[in-house]
J.: 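Sharing a structure here in structure tokens format.
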Amino acid sequence: MSQVPVTVLTGYLGAGKTTLLNRILTEPHGKRYAVIVNEFGEIGIDGQLVVGADEEVFEMNNGCICCTVRGDLIRVIQGLMRRKGKFDAIVVETTGLADPGPVAQTFFADDEIKRATRLDAVVTVVDAYHIGRRLDEASREAEEQIAFADVIVLNKTDLMDEAGLRRVEQRIHRLNPQARVHRAARAQVPLDAILDRGAFDLARLAVETHVHDEHCGHDHDHEHEHHHHDHGHDHIAAAGIASVSLSLDRPLDGDKFRPWLQSLLATQGQDILRSKGILDLKGQDRRFVFQGVHMMTDGAPGQPWQPGEKRHSQMVFIGRKLDGEKLRQGFESCAA
Amino acid sequence: MADLTWQAGAHVAALAFDAGGRLGLALGDGRVQIVRGDKRIDLACQDGAMSALVAQGPDLIAGGDDGRLRRIAADDSPAEIAAWPGQWIEHLAVDGGRVLAGVGKRAVLIEADGRQKSFLHPSTVGGVAFFPGGKRVAVAHYGGVSLWWTKPETQEPKRLAWKGSHLAVAVSPDGKYVVTAMQENALHGWRLADAQDMRMSGYAAKPRSFAFAARPNLLVTSGADVIVAWPFSGPGPMGKPPLELGGLGGPLVMRVACHPSQPIAAAGYESGAIQLVDLAGRRGVGLREGGEAPITALAFSPGGERLAFGSDAGEAGLIDLAALALDAKRQTV
């Protein structure tokens with residue numbers, strides 16, 4: 001059975017989420033969307049499948065993993081599955097104050113949802129003009145929405161000059177070096193930049209040859225240099241979100257790495273929002289790729305190493321209270 | 001009467017036989033299909049999905065994702081009972097002339113004369129049930145179950161607390177136990193006399209479908225690759241292992257139904273297979289080998305002589321059990 005792709009659309013009130021959603025619903029792309037919204041009334045397009053959902057969060061206990069999920073999404077998506085064939089994809093709109101964590105975890109934690117749908121990407125609409133002040137105030141929601149994003153639509157760029165935009169982009173990049181950032185005015189971003197991204201698709205991650213980290217630069221088209229023991233981390237605020245990038249040019253021992261990652265996520269998973277890695281495991285001809293949301297991870301073999309290619313491992317963690325030095329030591333202790 | 005199968009054309013969300021033997025199917029494309037003998041009529045109710053269907057005497061009561069509750073009279077004419085725009089009506093229970101509907105965070109009791117009473121909960125209703133006799137109702141939601149008396153105008157509910165999301169609720173025929181299906185592949189139960197908790201776990205999937213058998217006193221459940229039946233006689237199931245009945249060596253049981261009078265249960269599997277098990281002798285007999293999609297609805301006729309099923313892909317059927325019963329009798333004589 002084919003899985004229905006789900007795009008999670010998040011962002012502060014007034015950032016341009018509704019404008020973007022209306023574009024998704026009205027532009028001629030030949031796809032039919034079911035939209036799950038928190039507040040009715042803002043969008044009202046005839047003939048579209050729009051369902052309301054209350055933000056109902058609860059803790060789910062599956063074996064040793066405890067995680068927070070959105071019960072309303074489980075209920076609504078299962079209900080929508082009765083109308084299979086009436087829509088091609090789902091967009092979940094969250095409120096400006098919603099925590100994206102439980103939304104994303106819902107698609108990993110519930111077996112029935114996992115079978116019926118696949119999380120395509122978390123898309124965050126950011127108001128370029130106001131985001132600076134939000135981040136200065138260390139707004140938890142604003143930071144999390146950026147940190148969680150696979151795609152960021154930097155909206156209202158017409159209200160900013162180039163230097164201001166660059167500053168905002170740098171701040172976003174430090175919070176989340178993984179996300180693709182698209183500048184836009186009035187949410188005019190090509191829809192194929194936000195839909196059908198396969199951001200949680202391991203098969204797609206598996207064809208990437210490196211993790212995009214803060215050393216990559218925004219446009220990903222310059223030469224990369226991977227230094228030995230290279231790592232970086234950047235604290236936005238003392239208690240705020242930071243990203244830690246790790247790399248190693250010696251192969252890792254899978255039997256050391258797996259327990260290290262498991263124990264790290266078991267103890268700090270609440271604070272680690274997203275993680276991603278492309279690894280060189282000893283004795284393996286192919287890269288090993290993995291990605292995670294809080295405590296839940298998903299991993300698979302990726303692209304083969306080419307003869308003569310310089311092998312290395314790269315990881316990125318995005319989260320709170322990350323001790324970059326301790327993470328680096330832990331990571332390096334997994335060397336074969 | 002011979003077995004009958006057909007394509008209903010959309011996901012079968014629920015099935016119900018009314019007292020007159022008419023069968024209704026609530027379908028994912030907004031229709032209610034009416035089946036009398038080998039004749040079928042489609043009632044196009046709305047554009048969304050129909051999500052719940054129960055029988056009330058000679059009538060069928062249908063809930064939809066359009067927030068409307070409809071009564072389909074014996075002459076197949078539908079009439080609106082109530083409407084809550086923007087809500088999904090997924091949970092229904094009946095007692096005599098009364099209907100209990102889950103409407104968002106409320107459970108709404110509709111009396112035979114149309115008067116409504118509303119019970120509010122902290123989160124969306126996951127299931128509704130009447131106690132035997134109808135003086136009390138049980139409503140599942142996050143964090144447990146609320147028990148309400150149907151008479152008083154104002155009251156505080158009795159809360160049965162258990163952390164997590166509760167997705168369905170049933171009350172035992174003796175009124176002594178309340179059982180819920182949980183998000184975490186388990187059932188939870190409460191013995192009302194002493195508020196004792198019962199955790200029934202070990203399932204491979206959510207045991208969403210469960211039913212109390214008329215006799216022996218068993219709770220028959222889905223969610224495993226066999227029918228799991230918990231003994232509820234005497235002091236209850238605490239400390240006792242469940243019976244494991246039937247099974248096809250792999251596919252999970254998606255729906256169960258209990259025969260109205262005999263110690264017989266039916267199971268619908270994710271493979272589309274349907275099996276009948278003897279709850280006393282524990283023998284199983286296959287009624288359908290499999291199909292295109294998981295069974296999503298299963299119901300015995302009021303006399304228990306027919307079994308109706310529906311699947312996620314719209315396959316539907318009526319199985320004649322009379323011939324089978326004769327065979328069984330011959331074997332036991």
Side-chain angles (χ1 to χ4, degrees), chain A residues 1-2 4 32 34-44 46-87 102 105-116, chain B residues 9-14 26-30 46-52 64-67 85-91 102 104-105 121-126 141-143 162-167 182-186 201 203-206 208 223 252 254 270 292-294 296-297 312-314:
Chain A
M1 197 178 74
S2 69
V4 177
R32 297 159 303 170
V35 182
I36 303 172
V37 296
N38 268 98
E39 290 114 356
F40 266 121
E42 286 184 67
I43 57 162
D46 290 343
Q48 298 285 356
L49 184 48
V50 180
V51 187
D54 280 340
E55 199 179 301
E56 294 186 324
V57 172
F58 73 93
E59 212 163 81
M60 188 175 153
N61 194 338
N62 251 359
C64 53
I65 292 178
C66 201
C67 70
T68 313
V69 298
R70 285 273 299 267
D72 56 323
L73 287 182
I74 297 178
R75 179 175 61 79
V76 168
I77 288 170
Q78 270 162 356
L80 284 173
M81 288 305 145
R82 288 195 286 261
R83 310 190 203 181
K84 242 180 345 211
K86 294 282 179 71
F87 56 91
Q105 294 196 108
T106 301
F107 295 91
F108 289 87
D110 187 275
D111 289 339
E112 293 168 9
I113 297 293
K114 239 176 6 193
R115 259 200 302 276
Chain B
H11 168 95
V12 183
L27 300 175
D29 61 359
Q46 49 130 336
D47 292 335
M50 296 307 290
S51 37
D65 290 0
D66 59 349
Q87 302 288 353
W88 288 6
I89 313 303
E90 298 180 282
H91 307 290
K105 292 176 180 169
H121 305 90
S123 62
T124 301
V125 168
H141 46 80
Y142 290 172
W162 190 260
K163 207 175 153 187
S165 173
H166 299 260
L167 306 171
M182 297 206 61
Q183 168 74 27
E184 287 97 350
N185 300 353
S201 56
Y203 291 93
K206 290 176 200 154
R208 282 175 181 282
L252 298 179
M254 304 301 286
E270 64 181 339
E292 287 172 42
T296 51
D312 185 40

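Letters A, B, ... mirror the listed sequences (proteins, then strands); counts begin at 1.
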J.: Taking atom CG of B:Asp312 and atom CZ of A:Arg82, what is their separation to the nearest 0.5 Å?
T.: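 Those atoms lie 11.0 Å apart.
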J.: Does any backbone or side-chain atom of B:Ala49 lie under 4.5 Å from a heavy atom of chain A? Answer side chain, backbone, both or neither.
T.: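 Both parts, backbone and side chain.
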J.: As an exercise: rank B:Asp65, B:Leu167, B:Asp29 by heavy-atom pairs under 4.5 Å with chain A and give me the winner.
T.: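 It is B:Asp65.
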J.: Looking at B:Ala205, B:Gly164, B:Ser51, which one has more heavy-atom pairs under 4.5 Å with chain A than the rest?
T.: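 Option with the top pair count is B:Ser51.
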J.: Would you mind telling me which of B:Ala186, B:Gly48, B:Gly126, B:Ala293 has the largest number of heavy-atom pairs within less than 4.5 Å of chain A?
T.: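 Result: the option with the highest number of such pairs is B:Gly48.
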J.: What closest approach, in Å, do A:Asp72 and B:Tyr142 show between heavy atoms, and which atom pair accounts for it?
T.: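 Taking A:Asp72 first and B:Tyr142 second, the nearest heavy atoms are N-OH, 3.5 Å.
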J.: Answer whether the closest heavy-atom distance between the side chains of A:Glu56 and B:Lys105 falls below 4.5 Å.
T.: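 Answer yes - side chains close enough.
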J.: Could you give the distance from CD (A:Glu59) to NZ (B:Lys163), rounded to the nearest 0.5 Å?
T.: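 Reported value, rounded in 0.5 Å steps: 4.0 Å.
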J.: With a 4.5 angstrom heavy-atom cut-off, could you sort out which part of A:Gln78 is near chain B: side chain, backbone, both or neither?
T.: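 For A:Gln78, the contact with chain B is made by the side chain alone.
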J.: So which part of A:Val69 gets closer than 4.5 Å to some heavy atom of chain B, the side chain, the backbone, both or neither?
T.: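 Neither the backbone nor the side chain of A:Val69 comes within 4.5 Å of chain B.
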J.: May I ask you to decide whether B:Lys206 forms a salt bridge with A:Asp111, counting only side-chain N to carboxylate O separations under 4.0 Å?
T.: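 The answer is no: the pair does not qualify as a salt bridge.
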J.: Rounded to the nearest 0.5 Å, how far does CD of B:Gln183 lie from CZ of A:Arg75?
T.: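 A:Arg75 CZ to B:Gln183 CD: 12.5 Å, rounded to 0.5 Å.
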J.: Minimum heavy-atom separation for A:Arg83 and B:Gly28, please, with both atom names.
T.: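 A:Arg83 and B:Gly28 have their closest heavy atoms at CG-O, 3.7 Å.
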J.: Side chain, backbone, both or neither: which part of B:Glu90 has a non-hydrogen atom closer than 4.5 Å to chain A?
T.: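 Contact with chain A is through the side chain of B:Glu90 alone.
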J.: Under a 4.5 Å heavy-atom cut-off, does chain A meet the side chain of B:Met50, its backbone, both or neither?
T.: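 The answer is the backbone of B:Met50.
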